[in-house]
There are 2 protein chains.
Amino acid sequence: MVKITDVARHAGVAPSTVSYALSGKRPISAATRRRVEESIRALGYRPPLGLGGAGRRGSNVLALVTPLRAGVPAPAAMEYALAAVTAARGHDHDVLLVVREEGEEALRQVVESTPADALIVTGGQARDARAPLLSLLRRHGRPSVLVGSPADPTGLTCVDLDHGAAGELCVEHLVGLGHRVVALVGAPPEAYLRGTGAAQRMVRGFTATADRHGLSSAVRPCPASPAAARAVAERLLRERPALTGVVVHNEAVVEPLIEAFEALGLRVPADLSLIAVRPPGPATTSRSPVTSVDVPAAEAGAGAVDLLMRKLNGAHVPETTLLPPRLTFRTTTGPRATP
Amino acid sequence: MVKITDVARHAGVAPSTVSYALSGKRPISAATRRRVEESIRALGYRPPLGLGGAGRRGSNVLALVTPLRAGVPAPAAMEYALAAVTAARGHDHDVLLVVREEGEEALRQVVESTPADALIVTGGQARDARAPLLSLLRRHGRPSVLVGSPADPTGLTCVDLDHGAAGELCVEHLVGLGHRVVALVGAPPEAYLRGTGAAQRMVRGFTATADRHGLSSAVRPCPASPAAARAVAERLLRERPALTGVVVHNEAVVEPLIEAFEALGLRVPADLSLIAVRPPGPATTSRSPVTSVDVPAAEAGAGAVDLLMRKLNGAHVPETTLLPPRLTFRTTTGPRATP
DNA sequence: TTGAAAGCGCTAACAC
DNA sequence: GTGTTAGCGCTTTCAA
C-alpha cells in the first residue's frame with residue numbers, strides 16, 4: 001500500500017508537505033502542489049478511506065445513524081441511505097450505516113467515537129429516547145443533521161417534510177374533489193404535549209386551510225394501535241355523519257383505519273376519501289395504493305448531505321430546512337359522491 | 001475523549017493490557033480483566049468505533065462494496081444492505097456502504113485501503129469490469145464474500161441464488177399449470193461465453209427438468225434491449241407456435257418481453273405464462289406483479305455476513321453457497337388454455 | 001513556503 | 001500473565 005511518505009520521497013518534499021497539500025490546511029506553492037499531485041497520480045496514492053486513525057483527519061465518511069426499536073432496520077432508513085449514498089458520492093464520501101438500539105448509552109458511544117466526518121441522524125421513533133441524543137448533538141463538535149422535527153430544534157440542523165404545507169396540500173386535494181366535511185387523524189396524543197413539531201405544524205396547516213375553504217373539520221389524535229384506529233373511526237362517524245374526507249398523519253394506523261371505515265359500511269374511495277402522510281419506505285410502493293404525501297426520502301437524504309458538506313466547509317446553514325410536500329394521487333381518494 | 005491509557009492508569013495496568021483485554025488476543029487473568037472492565041465502565045471508555053488507525057485493528061465495520069454503472073446506486077444493493085446491516089448488528093458490526101464507479105482503479109483503492117474488517121462485494125453488472133476486482137479479492141488478505149456467481153469462483157467465497165434449482169422450479173411450476181412447450185429467454189450471449197456461472201446453471205436446470213417431463217423446450221440468449229426482446233419474442237413464436245410458457249432470466253427484458261408478446265396478440269397469462277428470475281429490488285414489489293423467482297436479498301445479505309464472521313474467526317467456509325429459490329406466484333402465470 | 005521532529009491512540013513484538 | 005517499547009501512517013507543532 002502506497003503511503004504518504006512514498007509520495008513525499010517521489011516528489012522530493014517532506015511528508016508534511018504532502019499532508020498539507022492534501023488537506024489544504026496551509027498554503028502550498030503552485031509548483032510544489034503540482035509536483036505532489038503528479039507523484040500522487042504516478043504512485044496511485046489514495047488517502048486511506050474512512051479511517052479515524054492516529055492524526056485525526058478527514059475520513060471521507062458520513063455516518064448515517066439510525067436508532068431503532070426492535071433490532072430490525074426500518075426500510076425508511078434505507079430509503080434515506082440510498083439517497084444519502086448517492087449524494088455523498090458526489091462529494092467523495094462514503095456512508096457508514098450505524099444502526100443502534102435506542103437509548104442514551106449506545107448512541108452516545110457512536111456520536112463520540114465514530115470516525116465519520118459528520119453525522120446524519122434519522123428520527124428515533126420514541127421521542128423520549130431521542131431527547132438525550134439531541135442534546136448530545138447540540139454539544140458535540142462534529143457537524144450533524146437531523147432528519148425529522150424535534151420539539152426544539154434550537155442549536156441543531158434539521159431537515160424534514162414541511163408538515164404544515166402537507167396539511168394544506170391534503171385539504172386542497174380534498175376540496176378539489178368536492179369534500180366539505182373533513183377530519184385529521186393525527187399522531188398519538190403524547191406527540192401533542194410537546195412544543196412545536198411535525199404534529200403541530202400539520203394540525204395548523206390542516207385547520208387553517210379547512211377554515212379558509214369554509215369546511216367543517218375535526219382533529220383527532222390517535223394512539224398507534226388498530227383498536228385505537230377503530231375507536232377513532234367510530235367516534236368520528238358518530239359525531240360527523242357527513243364526513244367524507246380523512247387525512248391520516250400516523251403511519252401505524254393507515255391500514256387499520258381503512259379497514260375500520262370499511263367495516264362500518266363505507267367504501268373507500270366511493271364513500272370516503274383518505275390520504276396518508278407518512279415516512280418513505282416499501283409501504284409507499286406496496287400493494288395498498290393509498291393516496292399519500294410521503295416524506296421525500298431522496299430530497300431529505302440529499303438535503304442532509306448537502307447541509308453537512310456546507311457545515312464541513314464552515315458555512316452557516318439554516319436551523320430547519322423544510323421540504324415541499326408532493327401528493328401522489330392513488331386509489332383511496334375520489335370525488336365526493338353526489339347524494 | 002477518554003482513551004486507553006486513561007483506563008490503564010485508572011486500573012493500574014499497562015495500556016497494552018487494556019488493549020489485549022479488549023481484543024481478547026491474549027489471555028488475561030480473571031482479576032485483571034475485572035479491574036480493567038471496571039475502569040472502563042467507571043471512565044466511560046468506548047473503543048473508537050470503526051477506525052483503521054495506526055496499529056491495524058478490528059474496526060467492527062463491514063464494507064459493502066457496490067460497483068455501479070451510472071452513478072446511481074442500485075436498489076438491489078440497498079436490499080442487500082438492509083439485510084447485511086441487520087445481520088451485522090447481531091455480530092456487533094456496522095456497515096460501510098462503499099459505492100464506486102466500476103473499473104479497476106477505483107475499486108482497487110477501496111479494497112486496499114478501506115478500514116473495514118471484511119468486505120462484501122455485490123455483483124458488478126459489467127462482467128469485464130469485475131474480473132480485475134475478483135483477482136484482487138483472491139490475492140488480498142482481508143476476508144471477503146462475493147454476492148453473485150463469477151465465472152470462476154476458485155479462491156473466492158460466493159453467495160448466490162441456486163440458479164440451477166431456480167430453473168428447475170420454474171419448469172415445475174409451468175408443468176403444474178399444464179404447459180407443454182416452454183422457452184427460456186436468457187442472459188445476453190456474452191454471458192454464455194464464459195465457464196460456469198449463473199447463466200449456465202439456469203440453462204442446465206431448465207433443460208434437464210423440461211426433458212425429464214418430456215416438454216418441448218428452447219433456450220434463447222437475449223441482449224438487454226427492448227428491440228432484442230421483440231426480436232426474440234417474434235422468432236420464438238415463429239419457431240414454436242405452440243409456446244405457452246416462458247422463463248425470463250434477464251432482468252432488463254422482462255417488461256419489454258411481456259409487451260412484445262402482447263403486441264403479437266398473446267394475452268398474459270391467458271395465452272402465455274411468464275416467470276421472471278431476477279435480482280431483488282423495488283421492481284420486486286412494484287406495480288407490475290410478475291410471477292418471479294427473486295434472488296433472496298435477505299438470505300444473501302445475512303448469509304454473506306455470516307460467512308464473513310466465520311472467516312474472521314478463522315473457520316473454513318465453502319467456496320460457494322447456493323440459496324434455495326422461492327417462487328412467488330403473481331399474475332403472469334396461469335393454467336394453459338385448453339384449445 | 002517548507003522541513004524536521006514530536007506526537008496522536010493504539011497494537012504487537014519482545015522481554016520478564 | 002503482564003509490562004516495555006517500538007512502531008503504524010498521518011497530522012501538527014515548531015523552526016527556519
Side-chain angles (χ1 to χ4, degrees), chain A residues 1-40 43-61 109 112-117 141-142 312, chain B residues 1-40 43-61 109-110 112-117 141-142 312 314:
Chain A
M1 211 241 264
V2 36
K3 46 195 139 188
I4 211 169
T5 51
D6 300 330
V7 177
R9 191 172 18 236
H10 186 273
V13 299
S16 54
T17 303
V18 178
S19 172
Y20 285 120
L22 248 26
S23 69
K25 291 200 181 175
R26 90 180 182 191
I28 299 282
S29 74
T32 308
R33 154 153 284 133
R34 246 197 338 88
R35 279 198 299 143
V36 168
E37 268 160 13
E38 241 152 53
S39 298
I40 286 182
L43 301 186
Y45 172 77
R46 306 262 84 198
L49 208 189
L51 94 208
R56 202 99 311 178
R57 226 195 38 104
S59 61
N60 281 267
V61 170
Q109 164 194 2
E112 302 209 325
S113 76
T114 192
D117 287 341
R142 220 188 306 270
L312 281 172
Chain B
M1 213 241 264
V2 36
K3 46 196 140 187
I4 212 168
T5 51
D6 299 330
V7 177
R9 190 172 18 231
H10 185 272
V13 298
S16 56
T17 303
V18 179
S19 172
Y20 285 122
L22 249 25
S23 69
K25 292 201 179 173
R26 89 180 182 190
I28 299 283
S29 75
T32 310
R33 154 154 283 132
R34 248 198 337 90
R35 281 198 297 142
V36 168
E37 267 159 13
E38 243 152 52
S39 300
I40 287 182
L43 301 186
Y45 172 77
R46 308 263 84 197
L49 209 190
L51 72 325
R56 205 99 308 184
R57 217 194 47 100
S59 62
N60 282 265
V61 169
Q109 162 198 1
V110 172
E112 302 208 325
S113 78
T114 191
D117 289 340
R142 218 190 308 269
L312 280 172

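Below, read A as the first sequence line, B as the second, and so on, with proteins coming before strands; counting in each chain starts at 1. The analysis underlying the following values was restricted to heavy atoms, covering all of them including side chains, and did not include hydrogens, waters or symmetry mates.
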Can you check the [X] [atom1] to [N] [atom2] distance for me, whole Å?
X	N	atom1	atom2	value
R34(A)	dT2(C)	CZ	P	12 Å
I4(B)	dT4(D)	CD1	P	15 Å
K3(B)	dC10(C)	NZ	C1'	12 Å

Exercise: identify the closest heavy-atom pair between [X] and [Y]:
X	Y	result
L43(A)	V2(A)	O-CG1, 3.7 Å
V7(B)	V36(B)	CG1-O, 4.2 Å
R33(A)	I28(A)	N-CG2, 3.6 Å

Contact check, residues 5-13 of chain B vs DNA chain C, heavy-atom distance under 4.0 Å, returns none
[X] side chain, from C-beta outward: closest of [options]:
X	options	result
T17(A)	dT4(D), dT2(C), dC10(C)	dT2(C)
P27(A)	dG3(D), dA4(C), dT1(C)	dT1(C)
T32(B)	dC10(D), dT2(D), dG3(D)	dT2(D)

Quiz item: Would you say the side-chain atoms of S19(B) and S16(B) include a donor-acceptor pair closer than 3.5 Å?
Solution: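 Per modelled atom types, S19(B) and S16(B) side chains form no pair under 3.5 Å.
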Q | S19(A) vs dT12(D): side-chain N/O to OP1/OP2 distance below 4.0 Å | A |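 Checking S19(A) against dT12(D): no side-chain N or O falls below 4.0 Å of OP1 or OP2.
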task: Respond yes when some side-chain nitrogen or oxygen of K25(A) is under 4.0 Å from OP1 or OP2 of dT12(D), and no when none is.
output: yes
I'd like to check the side chain to side chain donor-acceptor pair (under 3.5 Å) partners of [X]; sequence neighbours left out, ordered by chain and number.
X	result
T5(A)	none
S39(B)	H10(B)
R9(B)	D6(B)

Rounding to 0.5 Å, atoms CD1 (I40(A)) and CG (L22(A)) come to a distance of 4.5 Å
Dump the pairs, protein N or O against N or O of nucleotides 13-16 of chain D, anything under 3.5 Å, distances to one decimal.
none

For R26(B), the salt bridge (charged side-chain N to carboxylate O under 4.0 Å, His left out) test, sequence neighbours excluded, returns none
